[in-house]
Amino acid sequence: MAIIFCPSVKMSMLSIFILFFSFPLTILSAPTLKSFPVPSGGPESIIFNPTGGFFTGVNDGRIVKHTKGAGWVDFAYASPTRTKKKCEGTTDPALGNICGRTLGLGMNYKTRELYLADAYHGLSVVGPKGGQAKQLLSSAAGLPLKWLDGMDVDQTTGNVYFTDVSTVYNLSQVQQHLATGDSTGRLIEYNVKTKKERVLLTGLKGAGGAGVAKDGSFVLLTEFTGNRITKYWLKGPKANTAELLLNISGPANVKRTQNGEFWIALNVPGKINIPTGMRMDGNGKILEKISFGAPYNNTFITEVQEHRGKLYISTLYVDFYAVYKYSRP
């Protein structure tokens with residue numbers, strides 16, 4: 001059964017600012033971030049390959065792979081109608097249905113299968129050799145998947161958790177989605193054994209990132225325009241219930257660390273946007289915040305991920321990703 005998420009207490013924007021700035025904030029200077037170009041641009045999310053390198057989805061519908069030796073190579077795509085002639089290098093959202101636009105990525109590290117959350121072509125999976133992905137879902141609970149975004153894979157069960165931003169609008173209609181205050185987003189589970197989906201939460205406002213706990217006991221969910229982070233319990237006495245962890249401005253993707261904490265990409269409004277990474281635990285305790293300057297400046301970021309002593313920062317709004325050499329305080 002889907003749970004309609006309707007928190008009874010709403011914090012004012014002033015309260016959100018107080019919550020945000022009441023914790024220490026590290027502000028990076030320009031030289032501390034190093035940027036690297038991405039073919040076609042728009043790398044919303046990055047997933048690391050256990051055998052080396054990483055994957056990201058780009059504007060023209062490709063999933064590309066980067067390794068030190070080979071650089072960038074084409075790896076996979078979600079759209080069955082995509083052609084190189086029509087799509088390569090395009091940034092035209094009107095071609096989304098033809099070319100595809102994968103936003104969220106997740107990997108089952110046991111099988112090395114890569115799962116794709118495509119804004120136009122639903123949920124797909126591709127094997128370690130890449131190529132055309134196999135579509136798993138195009139609808140959930142009788143409604144089409146209009147705009148998939150964030151995703152994660154539970155490494156204990158193999159189940160996939162992902163967000164559908166809206167049941168009304170797609171990615172090319174983002175302005176309408178924002179103008180109407182659309183709150184039809186969903187959190188959805190795909191069971192790899194039964195091959196069935198289950199809608200866990202509905203009524204979400206700008207459903208964004210999804211991150212599964214290390215032990216598979218819960219999923220953290222962000223709502224970008226709802227300005228909140230929610231914990232949905234998968235196991236234990238609270239299973240199939242949700243609780244509000246934080247009201248905080250502009251949360252995007254969720255990425256779990258090796259020790260079970262989470263990095264959240266934040267976008268803090270003001271005279272200019274402040275792109276920020278926030279590290280928190282699974283109970284909503286804020287552990288650290290880092291504000292990123294150049295090369296992002298006031299650009300909205302979509303993901304912050306910790307990997308082998310570095311933070312990888314990415315967004316669908318630029319043609320690069322950036323890396324910060326990171327040591328924990």
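Within the structure, side-chain hydrogen bond (donor to acceptor under 3.5 Å, both in side chains) contacts touching residues 119-129 (residues at least two apart or in different chains) are S79-H121.
Side-chain heavy atoms closer than 4.5 Å link hydrophobic residues (I, L, V, M, F, W, Y) into clusters, and following such links, possibly through other members, connects F300 to L171. There is a path of hydrophobic side-chain contacts, each under 4.5 Å, that joins L103 to L178. Criterion: ILVMFWY side-chain heavy atoms under 4.5 Å apart, direct or through other members. Under it, F48 and L114 are not part of a common hydrophobic cluster. Hydrophobic clustering (side-chain heavy atoms under 4.5 Å, transitive across Ile, Leu, Val, Met, Phe, Trp, Tyr) keeps V153 apart from M107. The hydrophobic cluster containing L266 also contains L245, counting ILVMFWY residues as joined when their side-chain heavy atoms lie under 4.5 angstrom apart, directly or transitively.
Of the possible polar contacts, none joining the N108 side chain to the R112 backbone as a donor-acceptor pair under 3.5 Å is found. K235 places a side-chain N or O within 3.5 Å of a backbone atom of D215 that can act as its donor or acceptor partner. Side chain of W263 to main chain of L311: no donor-acceptor pair is present (N/O by atom type, distance under 3.5 Å, no hydrogens or angles). Side-chain N or O atoms of Y169 include none that pairs as donor or acceptor with a backbone N or O of Q175 at under 3.5 Å. S291 places no side-chain N or O within 3.5 Å of a backbone atom of T276 that could act as its donor or acceptor partner. Remark: side-chain polar atoms of N273 are paired, donor with acceptor, to backbone N or O of T299 under 3.5 angstrom. Between the side chain of S45 and the backbone N or O of G104 there is no donor-acceptor pair closer than 3.5 Å. Under the 3.5 Å distance criterion, the side-chain polar atoms of E197 are matched with a main-chain donor or acceptor of A141. Checking side-chain atoms of S183 against main-chain N and O of G203 turns up no donor-acceptor pair under 3.5 Å. Under a 3.5 Å cut-off, the side chain of N259 and the backbone N or O of E261 do form a donor-acceptor pair.
Between the side chains of T156 and D154, a donor-acceptor pair is found at a separation under 3.5 Å. There is no side-chain donor-acceptor pair under 3.5 Å between Q305 and Y312. A donor-acceptor contact under 3.5 angstrom links the side chains of T184 and D182, judged on distance only.
In this structure, F218 has its ring center no closer than 6.0 Å to that of Y232. Under the 6.0 Å cut-off for aromatic ring centres, Y321 and F54 qualify, their centroids lying closer than that.
We find the OG1-CG distance between T102 and L123 to be 10.5 Å, quoted to the nearest 0.5 Å. Of the inter-residue distances, the one linking T90 atom OG1 with L95 atom CG reads 4.5 Å to the nearest 0.5 angstrom. Atom CG of N59 is separated from atom CD of E88 by 12.5 Å, given to the nearest 0.5 angstrom. The line from OG of S166 to CG of L145 is 11.5 Å long, rounded to the nearest 0.5 Å. One distance of note links CG of L220 with OG1 of T230; it measures 9.0 Å at 0.5 Å rounding. K255 NZ to I264 CD1: the interatomic distance, rounded to the nearest 0.5 Å, is 11.0 Å.
The aromatic rings of H177 and W147 lie perpendicular to each other, with more than 60° between the two planes, well past the 30° mark.
Side-chain atoms of V73 and V64, non-hydrogen and from C-beta on, never get closer than 4.5 Å to each other. Between I188 and R198 the shortest side-chain heavy-atom distance does not fall below 4.5 Å. Residues T163 and L148 have side chains not in contact (no heavy-atom distance under 4.5 Å, counting atoms from C-beta outward). For the pair L137 and K196, the minimum side-chain heavy-atom distance is 4.5 Å or more. Side-chain contact between V38 and D319 is absent, with no heavy-atom pair separated by less than 4.5 Å.
Stacking of K310 on the aromatic ring of Y326 is not recorded, the 6.0 Å distance cut-off and the 45° axial limit not both being met.
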In sequence, state the C-alpha distance, the side-chain angles, and the governing distance for K238 and E243, and then conclude on salt bridge (charged side-chain N to carboxylate O under 4.0 Å, His left out).
CA-CA 10 Å; K238 295 182 180 180; E243 59 183 271; 3.5 Å; yes

Give the intermediate values and the outcome of ring pair (Phe, Tyr, Trp, His ring centres under 6.0 Å) for residues F162 and Y190.
CA-CA 8 Å; F162 59 95; Y190 176 75; 7.8 Å; no

Ring pair (Phe, Tyr, Trp, His ring centres under 6.0 Å) evaluation trace for F320 with F36:
CA-CA 5 Å; F320 60 85; F36 301 88; 9.7 Å; no

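A salt bridge (charged side-chain N to carboxylate O under 4.0 Å, His left out) with D60 holds for exactly one of R82, R101, K86; it is R82.
Closest heavy-atom contact between L234 and A239: O-CB, 3.7 Å. Across A210 and L187, no two heavy atoms sit closer than the pair CB-CD1, 4.3 Å. For D118 against A78, the heavy-atom pair with the smallest separation is OD2-CB, 3.6 Å. Q132 approaches P80 most closely through the heavy-atom pair OE1-CA, 3.4 Å.
Ion pairing between a basic and an acidic side chain is recognised when a charged N comes within 4.0 Å of a carboxylate O; R279 and E306 show no such pairing. A salt bridge between R228 and E223 is present, with a side-chain N of the basic residue lying under 4.0 Å from a carboxylate O of the acidic one. Salt-bridge check for E113 with K134: failed, with every basic side-chain N at 4.0 Å or more from each acidic carboxylate O.
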